[in-house]
Structures are given as structure tokens and as C-alpha cells.
Amino acid sequence: MSSNLDQLYRQVIMDHYKNPRNKGELTDDSVTINMNNPTCGDRIQLHLKVEDGKISDAKFDGEGCSISLASASMMTQTVKGLSVENAVKLAHVFYNMMLGKEYDDETFDLGDIEALQGVSKFPARIKCATLAWKAMEKGVGHQEEE
Amino acid sequence: MNAQEVRKLFPILHQEVNGKPLVYFDSAATSQKPVPVIEAIEKYYREYNSNVHRGVHTLGTRATDGYEGAREKVRRFINAKSTQEVIFTRGTTTSINTVAASYGLANLSEGDEIAITPMEHHSNIIPWQQVAKKTGATLKYIPLKEDGSIDLQDVENTVTEHTKIVSVMHVSNVLGTINPVKEIAAIAHKNGAVMVVDGAQSTPHLNVDVQDLDCDFFAFSSHKMCGPTGIGVLYGKKALLNQMEPVEFGGEMIDFVDLYESSWKELPWKFEGGTPIIAGAIGLGAAIDFLQQIGLDNIHRHEEELAKYAMERMSEIDGITIYGPKDRAGIVTFNIEGVHPHDVATVLDAEGIAVRAGHHCAQPLMKWLKASSTARASFYLYNTKDEIDSFVKGLVTTKEYFGHVF
């Protein structure tokens, strides 16, 4: 097996895929965002609870490949407790990481997210990893409008 | 048919991908192109590129001869009565949209029905949804049997005297099944409806005779049958095409143009507004020559053999689901238990093997199969049993890889 492949399917990613964190629904006072990846059929339903400009809770459900579900699991884990502004900033740090660009690894504690770095070597899979983050951005944007 | 000899004519196949010999099992998405097709296009651009139907000069005449010569090749290929019934389009999608926008919008109204099946490609669903929305007609679905095939009794039950259009794919791009479109056309006609056939997946692999099928419209693409992308064909019965209005207006398709009124050229040109896809048509003509030289029957037999062999070998591996009935063209759609099709395709790609993963532009069928997505291996004349052996090895590797990381 190629080492690129091992970089893509890191143990921690597989762990999030098999044991997703924050899977499920939020019922009260939360925003629900449905987003899908029309070219491949992956879909995510993301629930965000925003209080005083902060993401106080996040849960998701969905169908998709290991990369998209693991990324959703990691995203919910990381953005919980962040201000909306910082969560959006972090999304852009993540996009830079996916594009193989230099990214800011100091402002935020990236935690498990850094394990997804290997995805940048697989251009066809980048959109799998970014789906959950796009949903989060849409969710907080929606919240601001209200 | 000797696939090893055929392969020599496809330069793209002789390369390594990720350090392994390329195994191209994605021909249902688009086929590879043989040297005679590549050379025909190159020769056109190098030697006689010119606009058609207007130049008095020599190159213009050569280009027109090339373009119209390709139309005659298409006519013979599908056994249309006349070249007036062969319209060049951008591909199957444009062909079906042309029928929907021209025939559909003009002839349907509230109370009328359109009948299709849930296995259709999106390009044979959405145009009809749009016609239904704009005209008030109802879109109905002919149900599928459990194995994905069509029962003619279900067609009888769905198609009624209110049905104006029946549109069905000839060969399924997911299940590989060959649908009884000739029999469905007879039922459509009995009820006074026109029959549209989506031939995108049949023309690369089967002898097609539109007169024998007795379909009213037949749509297909060049790029799935060894020809270039960007060109396809709409066949239509002359009597119907004559009644229909063009969808695009402009140069090339007019007879007279006045300040406020214009009239159209005769068939087939009234449907070909703008400078046509000249190099594409010439490439498609070369692809038809190439396929006919080998023989569509030989190609079909070869693919059936490959599909049968692939299914046998795949059934040796535990945890693989194959979708659709046993009898099929060269398409095997499958899933490995516990591994998402994207992940299957990524691991296979690392082994140099190209397969498709996703919903294959057939979301309603995926729903019906109760799979959110699947992986698909599709074979063509240049594939071999050795490649299937590599593929099966790749599937075992995939299973082991994910078994190991889990």
C-alpha cells in the first residue's frame, strides 16, 4: 500500500468514522442545515446551537465516505465553544490545509483535524472533507441574518 | 475479437497510474479513443478545417463533405431511413432536451401523461419534469421488478390513452440491463404516444436498428463509443421532425431572413443552428467505421464474457453486493460491506484501477436500490480478463486495508 494512502486513511480518521462524535440531533433552539455533495451523493444534516455569538452545541447526521463523516465528526468537536467569528476563521484555515497551502496552526488548537492533511494529496476527495465545514458556515451565516 | 490487438490502437491505455499499469474500467462514463479517431480529427484540423455549407472554396467543400459524410455513416449505423432524420447535437442530454423542449412543450397539456422509469439517467428525467411543470401534464413512473428489470405488464398498466410520451433508456448505466424498448414502443404506439429511447449506453455495445425498434426518437453520444466528446445524435422520424419547431435559432438553420420574419431550412439543418461540431462529427464517423470493422456483435459478446467472469470472480469475495440481474452488458455495479464506494475507488486508484463511485447520475434508482451510492466497473472492447484479475486483487486489498485500519 502506498504511503499516500496511509496518510489519507490515518488511524484517527478511521476512529472518527467508526465512532463519530456528536452524532444525532439538536431539537430546541437550534439551526438545521442540510447540505449535499451533488456529484457523489454524500449528505450531511448539521444542527448548530448558537448562543451569544458562540456555538454552544453541534450535532450531525449523514451519509458518506470515511473522509466526509470523519471530517464532520471532527468539525463538530472543534467548533463547539468557539465564537461564530472564530469558527468561520477556522473553516478557512481548514480550507487552506485541504488545498495544500500554508495554514495557520497557531491561533487555534487544531487537534484531530490535522490528521486530515493527507486529503490534500487526493484532489478528488477534498470536497468530501470540506462538506461539513461548508454546512457550518452556512449555518452560522443563517443565524446572523435572523 | 482479440482484445490484446485492439488495445494497441488505444495509446492512452499504455501508461502507468500511481506506479501500476492503468486498468480503465470507467468506459460507461466515457470510453477511450483509438488512433483512427484521433487521426481523423487531427487530419481535419491540419488539412481541411473550414466552415461548412457556405464556402465556395475547396476547403469548405471538403469540410462539408466530411461533415455530411459522417451523417451518412450515422444513418447506416442506426439504420435510419434518411439522413434528414439524423440531427447532430451536443450529446444525449441535448438530444433529449430538444425533444422535450420542441415536441413536448408543443404537444402536451393538462391531463396528458409522460411515462418513464425510475432507472433513468437524470438526463432522461429532468427534461420531462420540466415539460410536466410547464404544461400541466403528469409524469408517471413504470415500476421496476425487484431485480431492476421491466415487466411489460407494468408498462401496459402505466401507459394509457392519456400518455403522450414514453421515454426509456435502452441499456441501464447502473444495472447493465438491456430493456425491451421495441416492445415498450409497441405499447406506446398502441396508446397513441411517441416513444423516445435513450441510447447512450446501447450504441457503444449493440447493433441498433431504429426502424426495427420502431422508436420515434433515439438519442446517443459519441464519446461513449470511442468518438470525441461534445457531439451526439438525435434521430427522429421525419414526419415528427417536420412538425417540430427548432429550439435554437441563428446561422446555418435558416432559409430566408427578413426584418421581422424568418423561415427555416429543411431537415436536418433546421435543428442545427450555428456553426456545427464539424471535427466532432468527423471523429464520430471514424469511431463508427472503427466499431463496425470490429463488429458490434463481437464487442457485445466480449463484454458479456468479461461481465460474467467479473461477477464470478467477485462472488469469491465475502461481503460484496452486486446490483441488478445476472444477464447484462459490460457493467457491474457493486458495494463492499462496510467500505464506502469513494473509499473503494480511492484504494483501487492507488492500484492503477479506474472505477466510478457515486450515484451515477441516477439518484432515483439509487433510492430504489436502497444504496446512497455504489461503485461501478464498466468494460469495453479493450478490456481483458487479466485486468479483471487485477481488479479482483484490488478489491481484496481494499477489504484487507479497511479491515486492518478499522
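Numbered from 1 within each chain, the chains take letters A, B, ... in sequence-line order. No hydrogens, no waters, no symmetry mates; every other heavy atom, side chains included, goes into these values.
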- Message: Between B/Asp26 and B/Arg376 (salt bridge meaning N to carboxylate O under 4.0 Å), is one present in this structure?
- Response: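 Salt bridge flag = yes for B/Arg376 with B/Asp26.
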- So, A/Glu25 and A/Lys59, do they make that salt bridge, N to O below 4.0 Å? no
- Would you mind telling me which of A/Asn37, A/Ile67, A/Asp42, A/Leu8 has the largest number of heavy-atom pairs within less than 4.5 Å of chain B? A/Asp42
We want to know whether [X] and [Y] form a side-chain donor-acceptor pair, criterion being a heavy-atom distance below 3.5 angstrom.
| X | Y | answer |
| --- | --- | --- |
| B/Glu400 | B/Thr397 | no |
| A/Tyr103 | A/Gln117 | yes |
| B/Ser27 | B/Ser378 | no |
| B/Asp147 | B/Ser149 | yes |

- Message: Using heavy-atom distances under 4.5 Å, tell me whether A/Arg125 contacts chain B through its side chain, its backbone, both, or neither.
- Response: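 A/Arg125 touches chain B through side-chain heavy atoms alone.
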- Item | A/Ile13 versus chain B, the contacting section by heavy-atom distance below 4.5 Å | neither
- Kindly say whether the aromatic ring centers of B/Phe379 and B/Phe25 come within a distance under 6.0 Å.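 Ring centres of B/Phe25 and B/Phe379 closer than 6.0 Å.
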- Task: Could you look at B/Ser373 and say if it's the side chain, the backbone, both or neither that has a heavy atom under 4.5 Å from chain A?
- Result: side chain
- Check B/Ile96 against B/Ser123 and note the closest heavy-atom contact, atom names and distance.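 Smallest heavy-atom distance, with atoms named: CG2-O, 3.6 Å.
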- Query: Which heavy-atom pair separates B/Pro204 from B/Gln201 by the least distance, and what is that distance?
  - Reply: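 Of all heavy-atom pairs spanning B/Pro204 and B/Gln201, the closest is CD-C, 3.6 Å.
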- Message: Strictly less than 4.5 Å between heavy atoms, which residues of residues 106-114 of chain A line up against chain B? Please order them by number.
- Response: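 Against chain B, none of the residues of residues 106-114 of chain A fall inside the cut-off of heavy atoms under 4.5 Å.
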For residues 45-54 of chain A, which side-chain donor-acceptor pairs fall under 3.5 Å, sequence neighbours excluded?
residue: A/Gln45; atom: NE2; partner: A/Asn34; partner atom: OD1; Å: 3.1
residue: A/His47; atom: ND1; partner: A/Thr32; partner atom: OG1; Å: 3.1
residue: A/Glu51; atom: OE1; partner: A/Ser56; partner atom: OG; Å: 2.9

Give every donor-acceptor pair under 3.5 Å between a side-chain atom in residues 88-95 of chain A and any protein atom, sequence neighbours left out.
residue: A/His92; atom: NE2; partner: A/Glu137; partner atom: OE2; Å: 3.0
residue: A/Tyr95; atom: OH; partner: A/Lys134; partner atom: N; Å: 3.4
residue: A/Tyr95; atom: OH; partner: A/Glu137; partner atom: OE1; Å: 2.9

- Heavy atoms under 4.5 Å from chain A: which residues of residues 353-370 of chain B carry them? B/Gly358, B/His359, B/Gln363
